Amino acid sequence: MPSSLPDRYDFATEPETYKAWVEAGAFTAHPERSSRVGGDRTPYTIVMPPPNVTAILHVGHGLNNAIQDVIMRWARMKGAEALWVPGTDHAGIATQNVVEKLVASEGKTRFDLGREAFVKRTEAFVAQTGGTILEQLRAIGASADWSRTAYTLSPELSVAVREAFVRLYERGLIYRGHRVIHWCPRCLTSLSDEEAEFTDEPGKLYHIAYQVSGPGSEALVIATTRPETMLGDVALAVNPNDERYRDLIGKMVKLPIVGIEIPVVADDYADPAFGTGVVKITPAHDANDYEVGRRHSLPMPVIIDEHGVVREVTDADGRVPAELAGLDRFAAREKIVELLRQSGALQKIENHNHAVRHCYRCDTVVEPRLSDQWFVKMEPLAKPALQAVRDGAIRILPERWEAVYVNWLTNIRDWNISRQLWWGHRVPVWYCDECDPPQNIIVSRDDLTECPYCGCAVRQDEDVLDTWFSSGLWPLSTLGWPNEKSPDLQAFYPTDTLVTAPEILFFWVARMVMLGYEFAGRAPYHTVYLHGTARDTQHRKMSKSLGNGIDPMDVIELYGADALRWTLIAGMGMGADVVLDPNDIDKSFATGRNFGTKLWNIGRFLLDRVGDDPVQPLAAADRAAMTRADEWILSRLDAAIAECDRALGPLWPTTTHDSADGLIWRESERYAGLKLNEYAESARQFVWNELADWYLESLKGRLDAPGPDRDIARSVLVHAFDQALRLLHPVVPFVTESLWQRLPGHVDGAFLVNASWPTMTNAEPSQAAREFEQVREVVLAVRQIRGDNAVAPGKMIDVIIRPSSAGGATLRALLEQELPTIGRLTRSETRVADSAPEGAAAHAVIGGGTEIIVPLAGLIDVDKECARLRGEVAELEKQIISREGRLSNAKYVERAPPNVVASDRAILQEMKTKREQLSDKVRSLCGA
RNA sequence: GGGCGAAUAGCUCAGUUGGUUAGAGCACCUGCCUUACACGCAGGGUGUCGGGGGUUCGAGUCCCUCUUCGCCCACCA
């Protein structure tokens, strides 16, 4: 109902539109339609990176999901059987931390509650607050298939996790290792290499003398950044090739404070160039020292416990003096330095910057700790994952990340998957205290209570699995694996594209690839799209702790989801960061808001002028009766479609290659496509700068007079707008759907979300379309002359066009026919002539030598007569500016901010009066 | 320490294999409320393509070098 179209787009209707889509089943995928199981549609699948179950939406999520939604909606319109699997991650450490804080606010620790009660508490917390973010994703318009919402800790996915563990164990790829691992003394859990993040910090290098035993007073000086660990020293190491210390190898030195004797060993680990070339060996508290200790069969006393407190833990009899026992590691450091100073062993302290590992969750300094952990052997898993990217079965966009991925996988180290937490998938391993190895360790798919060998009671491993172990299975587990007969698995695995941030390339992306090959023999996706980060104007990452974030829900409430989506998508180069100003939301999202409004106004005008009468489909319209403008806009539409298609690229690799992977990217397409900003810009350019600025403006007159020409114009107009809405729908789904539903001829129950993506009709612009370009050139030239000569916008002028002789009679005829259009677009009385008029005139020469002449007689004088009034208005404006700092809309009393109106009403009124006088003057002088 | 990348308008960035006068969006400047839209219309580029050197008829683009930033990886005690 065009007549009922509101003046402004009401984005409060977005939830209704969303509901209608869901009720129409627009987001629900049908496995039986997949071509992989005999259906007639190629499947296109994205698994959503599962946000933490306790998360609330931030701009990063908004960006991530807006990108995915654009791709999904585009794939759906292209005719794919589109599936977007949503879900959440139980997020081991993160969620446990949140609940532990809650428990702490009640004055308790998780140990006070006990494991069972704590897990129950966490489950209750998740049940109550979890999934908020999925609701918020609906608000931004995410077209996910909610009937398939998954959760990494659900019963179904837990089956997958256990199956994966058991299979890897049976293949010998999971093993138990006694190793020095990264330990967080606050979270009381081990961390993977990736979870223990380096920061460069100023520290101190302490030089300590160890007295050599025997005759003489020789001493060896070592340098350490962690003097407190000396209590656990079992040796000093020197490089076997270091001439300085060759004679000392095999001798004993006295460990200060402790007073026991330890050997000097030769090991390549000691770097002659660093410090004194002598290094102390503390196997239980340093990963490298541990390796040295193993090579030399040294004891491994543990002198720091799981809380980071110095005490005799194991094999440390008498090593920790009473005055140090019970001190925190950092307090112990101070104390030990003091003791060393007193004993004279401390030689000097230097400033020294070094990299310190911190817990990625709580930022506590990580403590290396000797303990038993489960590891995954990575090298065999990495091999196919590496090959996939090298061969082009998987592409990573932007391309430069491929090198980073390859580099990491080439030097991969084993993955510590056990975590000493309570929240997560418990390690499916049971221990029997009665049986002898190897029967004392039982790995099982089912829960065990008794030993299958001796029938005794067994106990389950206390640890849970790294949260990334379960998310690493995400593309498989959400589709029903390990049930190979699962319809979803058969129809939709492998998936197509993964959209995420580069930070989790190793944590998650690479591990999914490895596990995909391991369990399905196929890569989980052919495209990895890594997007940038949301940053503030100082280029700082938006974060909760910095308080520089923007709540996407605020933006949606203020300007609607489309404005948010447009701003994020159109403003983001591939892989580039999105910069927004958290202190000026209005300015940050103006682009999106403005575009939505413009689109709405185009629709409002167009639908109003087209009216309710039936519109002939373009295919049935008489092509011969079309104007040059009609032909032109249709050719521009074709160009826009081509540009959008080029920017978005192929949905999937277009060649079927006989390899284990099936599909390999061809070189020409490998890095093509998914340039979402270029796509958005192309579509915008068409609808705004071509359809609205030129076609609508040039056709205004034609729509007022009934007749065949009006009908042709209506056909072309409705067709072009319909196609434009389709092109724009993936970015701004709500406003395009609202407008599309109102197009004349719309069939009840049809949705733009399900409509087909436009296809080009003509590769080359027609002759008539090219001729319209000449009309545009004339118009642009005349406008420029008007601007250069400060001709009042309302003033009607004379324009003389002198066609180039090269164009001949054809050009002359063309220009004469288009005079009404040129006149309308330039406010001029235009004619074609062969000679220039007498007197002053402005000239412009356009393509091919055609000359545009505008006589200036009278024009300048007219403006002079208005100059006085203009000057007076300007004076008044200056008064406002001097008071308000800026003018903007304070120029007009109707639009000025309330505070300005309050203080300057008189000036504004006077200004208005003067403006009206000026307007009248100009009109009368122009004879309008 | 190793590797990768970037440096182009006030800001964010495009600039294919070297080739006319270097582009877009936002911002900015000038004028305008013209009956869809001032969240708009018309006009305007505001630039030593980080510095230096080289190859070439021709360099933002290729090579060398310097400077500055960013990212990834890494066991310098």
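Note that the structure is predicted; figures quoted are calculated from it, not measured. Note on naming: letters A, B, ... go to the chains in the order of the sequence lines (proteins, then strands), and numbering restarts at 1 for each one.
Looking at heavy-atom distances under 4.0 Å, A/Gly592 makes no contact with the nucleic acid at all. Note on A/Trp401: only backbone sugar-phosphate atoms sit closer than 4.0 angstrom, heavy atoms only; bases stay farther off. The residue A/Val404 sits close only to the backbone: its heavy atoms come under 4.0 Å of sugar-phosphate atoms, none of a base. A/Ala570 comes within contact range of no nucleotide atom at all, as no heavy-atom separation falls under 4.0 Å. Residue A/Arg786 is out of contact with every strand shown, counting any heavy-atom pair closer than 4.0 Å. Here A/Trp566 lies out of heavy-atom contact (under 4.0 Å) with every strand. At a threshold of 4.0 angstrom between heavy atoms, the contacts of A/Glu402 with the nucleic acid are absent. The residue A/Asn677 sits apart from the nucleic acid: no heavy atom pair falls under 4.0 Å. The residue A/Tyr269 sits close to a base: some heavy atom pair falls under 4.0 Å. Within 4.0 Å of A/Ala223, counting heavy atoms only, lies at least one base atom of the nucleic acid.
Nucleotides B/rA22 and B/rC26 have their P atoms positioned 22 Å apart, rounded to a whole Å. Separating the P atom of B/rG10 from that of B/rC76 is a span of 42 Å, rounded to the nearest Å. Nucleotides B/rA24 and B/rG15 have their C1' atoms positioned 10 Å apart, rounded to a whole Å. Between B/rC49 and B/rA7, the distance separating the two P atoms is 14 Å to the nearest Å. Comparing B/rC69 with B/rC29, their P atoms sit 33 Å apart, to the nearest whole Å. One C1' atom belongs to B/rG23, the other to B/rG31, and the distance between them is 25 Å to the nearest Å. Comparing B/rC39 with B/rG25, their C1' atoms sit 16 Å apart, to the nearest whole Å. For the C1' atoms, the distance linking B/rA9 with B/rG47 amounts to 6 Å, nearest Å.
With distances taken from any side-chain atom of A/Asp286 to the nucleotides B/rC37, B/rA77, B/rA24, the minimum falls on B/rA77. The A/Thr225 side chain lies nearest to B/rA77 when the options are B/rA36, B/rG25, B/rA77. The A/Arg783 side chain lies nearest to B/rG43 when the options are B/rC75, B/rA36, B/rG43. In the set B/rC72, B/rC39, B/rA36, the nucleotide with an atom closest to the side chain of A/Phe506 is B/rC72. Nearest nucleotide to the A/Lys700 side chain, out of B/rC72, B/rG25, B/rA36: B/rA36. Comparing B/rA36, B/rG44, B/rA74 against the side chain of A/Arg413 picks out B/rA74 as the nearest.
Rounded to whole angstrom, the span from the CG atom of A/Asp581 across to the C1' atom of B/rG10 amounts to 15 Å. A straight line from NZ of A/Lys280 to P of B/rA77 spans 12 Å, rounded to a whole angstrom. If you measure from atom CD of A/Glu350 to atom C1' of B/rA77, you get 13 Å, rounded to the nearest angstrom. As a whole-Å value, the separation of A/Asp577 CG from B/rG25 P is 22 Å. Straight-line distance from the CH2 atom of A/Trp408 to the P atom of B/rC4: 20 Å, rounded to whole Å. Rounded to a whole Å, the CZ atom of A/Phe507 is 11 Å from the P atom of B/rC72. Distance A/Ile797 CD1 to B/rU34 P: 19 Å, rounded to the nearest Å. With rounding to whole Å, A/Glu697 atom CD is found 9 Å from B/rA36 atom P.
Remark on RNA chain B: of its neighbouring residues A/Leu780 and A/Ile602, the 5'-side contact belongs to A/Ile602, judged by nearest-heavy-atom nucleotide. Looking at which nucleotide of RNA chain B each of A/Gly603 and A/Val579 is closest to, the 5′-most match is held by A/Val579.
Residues A/Tyr9 and A/Phe734 have side chains in contact (heavy-atom distance under 4.5 Å, counting atoms from C-beta outward). In this structure, A/Arg333 and A/Arg226 have side chains that are in contact, with non-hydrogen atoms separated by less than 4.5 Å. Side-chain contact between A/His531 and A/Leu63 is present, with at least one heavy-atom pair separated by less than 4.5 Å. Between A/Leu696 and A/Ile602, some side-chain heavy-atom pair lies under the 4.5 Å cut-off. A/Tyr671 has its side chain within reach of A/Glu402: a pair of non-hydrogen atoms, C-beta onward, lies under 4.5 Å apart.
Under 4.0 angstrom from either OP1 or OP2 of B/rG44 there lies at least one side-chain N or O belonging to A/Gln784. A/Arg357 has a side-chain polar atom (N or O) that falls below the 4.0 Å cut-off from OP1 or OP2 of B/rC75. The side chain of A/Asn288 places no N or O atom within less than 4.0 Å of a non-bridging phosphate oxygen (OP1 or OP2) of B/rA77. For B/rA36, the OP1/OP2 oxygens have a side-chain nitrogen or oxygen of A/Arg609 closer than 4.0 Å.
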Start with the C-alpha distance between A/Thr567 and A/Tyr559, add both sets of side-chain angles, then the distance that settles side chain to side chain contact (heavy atoms under 4.5 Å, CB included), and finish with yes or no.
-> CA-CA 11 Å; A/Thr567 304; A/Tyr559 316 117; over 6 Å; no
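Secondary structure note: stems in RNA chain B built from 3 or more consecutive Watson-Crick or G-U wobble pairs under 3.5 Å occupy B:1-7 with B:67-73, B:10-13 with B:23-26, B:28-32 with B:40-44, B:50-54 with B:62-66.
Salt-bridge formation is not detected for the pair A/Glu643/A/Arg646: no Lys NZ or Arg NE/NH1/NH2 atom is positioned less than 4.0 Å from an Asp or Glu carboxylate oxygen. A salt bridge links A/Asp7 with A/Arg604; the closest basic N to acidic carboxylate O contact falls under 4.0 Å. Ion pairing between A/Lys541 and A/Glu503 holds under the 4.0 Å rule for side-chain N and carboxylate O. The pair A/Arg329-A/Glu367 counts as a salt bridge, with a side-chain nitrogen and a carboxylate oxygen less than 4.0 angstrom apart. The residues A/Glu681 and A/Lys675 are annotated as not salt-bridged, no charged nitrogen and carboxylate oxygen being separated by less than 4.0 angstrom.
Looking at A/Lys598, its side chain comes within 3.5 Å of the base of B/rC37 through a donor and an acceptor atom.
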